[in-house]
**Student:** 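A single structure is presented below for examination.
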Amino acid sequence: MPKFIFPDGRSQVFHEGVNGFLIAESISKSLLKEAVAISVDGVQKDLIDELNQDAKVRIITRNSEEGLDIMRHTLTAQVLASAIKKLYPSAKLAIGPTVKDGFYYDFLFEKPISIDDFPKIENEMNKIIGRGAKINKTYKTKKEAINLFEKEKENYKIEIIQDSEQENDFQIYEQDKTDFFDLCRGPHLPKLSMIGPFKLTKLAGAYWKGNSKNVMLQRIYGTAWANEKDLKKYLERLEEAEKRDHRKLGREMNLFHLQEAAAGSVFWHPRGWTLYKTIMEYIGGKLEKAGYCEVNTPQLVDSSLWKDSGHWDKFRDQMFISESEQKTLAIKPMNCPCHVQIFRQGIKSYKDLPIRMAEFGSCHRNEPSGALHGLMRLRAFIQDDAHIFCTEKQIITETASFCNLLMEIYKDFGFEDVRIKFSDRPENRAGTNKVWDLAEKSLIDAVESAGYHYELNPGEGAFYGPKLEFVLRDAIGRDWQCGTLQVDFVLPERLDASYVGEDGNKYRPVMLHRAILGSFERFIGILIEHYSGRFPAWLSPTQVALATINSNCSKYATEVLRELKKNKVKCIKDDRNEKLNYKIRELSSQKINFIGVIGDKEVENKEIALRTLGSKNQEVLKLDDFIKKIKNSCRIA
């Protein structure tokens, strides 16, 4: 008879074959009404699953984060898929997972659908939910599951089953009193009447298995929430996010553009490149003060180095390859092996450590075209990458220094809501368990000693070591993972890096991989959306625009421009033969922080009429006061 331990520490013995329904009922009738699944030793299971072994259990309720995810999973796998098969019988089902705040399902349609079809699909989905059918589950062998989907001619499901290494226990979910069924990892809600309000949100293309050589499917995205209020808030946030889309604002503000001739790479326009250089100079200054030395490493590196480091086995498919003189070269997708090569030049002593080596490293990764997304996902990008070579004893102080530096930089960029996640060993990893035990303990001790709180992110470490992930929250409540810190005992061993200790013996340095922004391009995309293009003055690519009322004012405007540039203010002059209101409207659309209006009166009195972005008020200032105000406004707060 199995014994189950509950979250409050209480334990209870049940008869064999008990399931989540009976366990929830034994606790309370109200819990049974809210129960959607059960966690058994950390693994989610359906309430109908029989439980025969001792375990730690926890009932998952519909209003919890896990319950919401299960509801979304049921909605996509059972309701959306079922509605599509009802409306488009010849459509083929591919995959339908959950994503942050929603779900999607990939389909192959005989004739492509459009978003104009969403109301019809949503109507059918509501009919299915309205019937409130119970969800049943059966297990099939590999052969049985293939036969089941062969009858339906569901080729993608057959391929998923054939590619699986398991031979039994394929889960088939079906709605009570219907002929719809689907292959799914589960768990699902016990009945469809527990599904909350939902909305289909967008349509996209997606290659089967993410491979551009495969057929293009149509991906239907949607969202679902526990109640109408939460759904409405989310849709409002989506609408706001659309207004802030960095691709749209990038065009409007003339910062950059993307085109198919260089898919996954950015064409930076003068204003955008000014923004880029401002950030790079700012980060460079911070690194110099923090004791980093800046380096630069080759773009093309022989495959032998990537094989020695272990990256060839893990990332070969993401590398761009070039052949020359019977050698295979890779355009570098990351900087770490090259930094080890610099460390290895000459003999290093324990007195030299820590060595903090930074590079604004240009990297290239062969991302699938379907995964590319503006500045957020590219093939060519620059990382604010650095590696700290230190002793084991120095891990704590170096981690604390890095965390403090990162928080200081994020604050300057306007991000003060930052969470830390600790990611431990993944299944596929290099190094022994002993090395991983040491690396994980060192990193946990370091972050705790630095006084920072963290949450666990199991199994998400790098293949060579555990890591801290720094997640910042933007102005509309979205989370972005940018910074990382990884403790690596593996790469120095693989690439034969060493230093001479106090006793004269050779030791392996510990290698801390760290980044603050991640990639410059992605971080700029985040900044554009966070500020909706209205950058703080210190960051703005154009801080001041001088707009003349007539041609007689151009000479004085040139004098003012010269004074601003002397004071290192990023400024332009607009003395076109256009009406002032037109100029102001156009300059405001470029999100320029200050507009200095110059007319005959301003010329005569050596003044400037100052307008601040977002304000309808105008302030008339003497030239010296104007320069002083602009200089003060353009400092980092």
Side-chain angles (χ1 to χ4, degrees), residues 243-244 246 249-250 252-256 268-286 289 375 407-416 472 474-476 516-517 520 523-548 557-574 583-598 602 607-637:
K243 291 177 190 172
R244 293 168 178 257
H246 71 280
L249 290 173
E252 290 175 2
M253 297 172 67
N254 196 21
L255 299 177
F256 65 88
W268 289 102
H269 299 189
R271 294 189 77 233
W273 191 241
T274 298
L275 171 62
Y276 204 113
K277 288 193 297 180
T278 298
I279 296 172
M280 192 174 281
E281 287 166 10
Y282 164 82
I283 294 293
K286 288 288 186 184
K289 286 180 182 176
L375 301 180
M407 294 298 182
E408 181 183 306
I409 288 173
Y410 282 177
K411 185 177 180 181
D412 283 349
F413 281 113
F415 300 108
E416 297 198 44
L472 53 86
D474 72 8
I476 58 173
I516 295 175
L517 308 186
F520 277 89
F523 194 77
I524 288 172
I526 293 167
L527 283 173
I528 292 170
E529 297 194 3
H530 175 64
Y531 286 111
S532 197
R534 296 170 178 247
F535 298 115
W538 77 270
L539 192 55
S540 182
T542 308
Q543 295 162 325
V544 180
L546 301 174
T548 58
T558 302
E559 291 174 20
V560 176
L561 189 75
R562 192 181 302 121
E563 286 301 310
L564 287 169
K565 287 188 174 180
K566 264 191 212 173
N567 286 278
K568 298 185 178 178
V569 175
K570 292 171 278 187
C571 51
I572 60 171
K573 179 181 68 171
D574 187 348
K583 290 182 182 180
I584 289 173
R585 202 162 49 244
E586 192 175 78
L587 293 170
S588 296
S589 73
Q590 294 177 36
K591 310 292 191 293
I592 295 171
N593 302 77
F594 304 103
I595 298 175
V597 178
I598 298 175
E602 284 74 27
E607 294 173 337
I608 308 288
L610 177 63
R611 295 181 180 219
T612 302
L613 183 65
S615 172
K616 293 181 180 179
N617 298 326
Q618 184 169 287
E619 182 183 9
V620 179
L621 298 166
K622 290 292 185 183
L623 178 56
D624 287 347
D625 293 333
F626 170 75
I627 299 292
K628 186 178 179 181
K629 180 168 182 131
I630 294 297
K631 278 180 65 179
N632 288 336
S633 299
C634 291
R635 291 195 178 101
I636 298 174

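If you read the sequence from its start, that first residue is 1, and numbering goes on from there. Side chains included, hydrogens not; waters and symmetry mates left out as well; all remaining heavy atoms used.
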**Student:** To check you understand the geometry: which heavy-atom pair defines the closest contact between I279 and L539, and what is its length?
**Tutor:**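 Heavy atoms only, the tightest pair is CG1-CD1, 3.7 Å.
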
**Student:** Which pair of non-hydrogen atoms, one from C571 and one from L564, has the smallest distance, and what is that distance?
**Tutor:** SG-CB, 3.6 Å

**Student:** Measure up the Y276 and W268 rings against each other and bin them: parallel (under 30°), tilted (30 to 60°), perpendicular (over 60°).
**Tutor:** perpendicular

**Student:** Search all heavy atoms of A537 against all heavy atoms of S633 and return the closest pair with its distance.
**Tutor:**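 The pair with the smallest heavy-atom distance is CB-O, 3.3 Å.
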
**Student:** Between Y531 and A475, is there a donor-acceptor pair closer than 3.5 Å when you use the side chain of the first and the backbone of the second?
**Tutor:** no

**Student:** Looking at side-chain heavy atoms only, is the closest gap between N254 and Q590 below 4.5 Å?
**Tutor:**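 No, every pair of side-chain atoms sits at 4.5 Å or beyond.
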
**Student:** With ring centroids as reference points, do F415 and H530 lie under 6.0 angstrom apart?
**Tutor:** yes

**Student:** Please indicate whether K622 has more than 12 foreign heavy atoms, meaning atoms of other residues, nucleotides or ligands, lying under 6.0 Å from its NZ.
**Tutor:** yes

**Student:** If the condition is salt bridge (charged side-chain N to carboxylate O under 4.0 Å, His left out), which residues does K629 pass it with, not counting sequence neighbours?
**Tutor:** E619

**Student:** Decide if atom CG of D624 counts as having more than 12 heavy atoms of other residues, nucleotides or ligands within a radius under 6.0 Å.
**Tutor:** no

**Student:** Do the side chains of H246 and L249 get nearer than 4.5 Å, heavy atoms only?
**Tutor:**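 L249 does not reach H246 side chain to side chain.
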
**Student:** Does a salt bridge link E559 with R562, judged by any charged N lying under 4.0 Å from a carboxylate O?
**Tutor:** no

**Student:** How would you list, by chain and number, every residue that makes a side chain to side chain donor-acceptor pair (under 3.5 Å) with K591, sequence neighbours excluded?
**Tutor:** none

**Student:** So does R244 pair up with D474, basic N to acidic O under 4.0 Å?
**Tutor:** no

**Student:** I'd like to check the side chain to side chain donor-acceptor pair (under 3.5 Å) partners of T558; sequence neighbours left out, ordered by chain and number.
**Tutor:** K573

**Student:** Using every non-hydrogen atom in the two residues, find where I409 and Y282 come nearest and quote the distance to one decimal.
**Tutor:**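 Residues I409 and Y282, closest heavy atoms: CA-OH, 3.5 Å.
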
**Student:** Just jot down the salt bridge (charged side-chain N to carboxylate O under 4.0 Å, His left out) partners of K568, sequence neighbours excluded, or say none.
**Tutor:**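 K568 satisfies salt bridge (charged side-chain N to carboxylate O under 4.0 Å, His left out) with no residue once adjacent residues are dropped.
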
**Student:** Taking T548's backbone N and O only, do any of them form a donor-acceptor pair with K583's side chain (distance below 3.5 Å, no angle check)?
**Tutor:**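 Checking the backbone N and O of T548 against the side chain of K583, a donor-acceptor pair under 3.5 Å is found.
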
**Student:** Under the rule for salt bridge (charged side-chain N to carboxylate O under 4.0 Å, His left out), what residues qualify as partners of R611, not counting sequence neighbours?
**Tutor:** none

**Student:** Measure across T278 and K570 and return the closest heavy-atom pair with its distance rounded to 0.1 Å.
**Tutor:**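 Taking every non-hydrogen atom into account, OG1-NZ, 3.0 Å.
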
**Student:** State which residues pass side chain to side chain donor-acceptor pair (under 3.5 Å) with Q543; sequence neighbours excluded, sorted by chain then number.
**Tutor:** none

**Student:** Rounded to the nearest 0.5 Å, what separation is found between the CG atom of L275 and the CZ atom of R271?
**Tutor:**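 Between L275 CG and R271 CZ, I get 9.0 Å after rounding to 0.5 Å.
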
**Student:** Please round to the nearest 0.5 Å and tell me the distance separating atom CG of L587 and atom CD1 of I595.
**Tutor:**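 It comes to 5.0 Å.
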
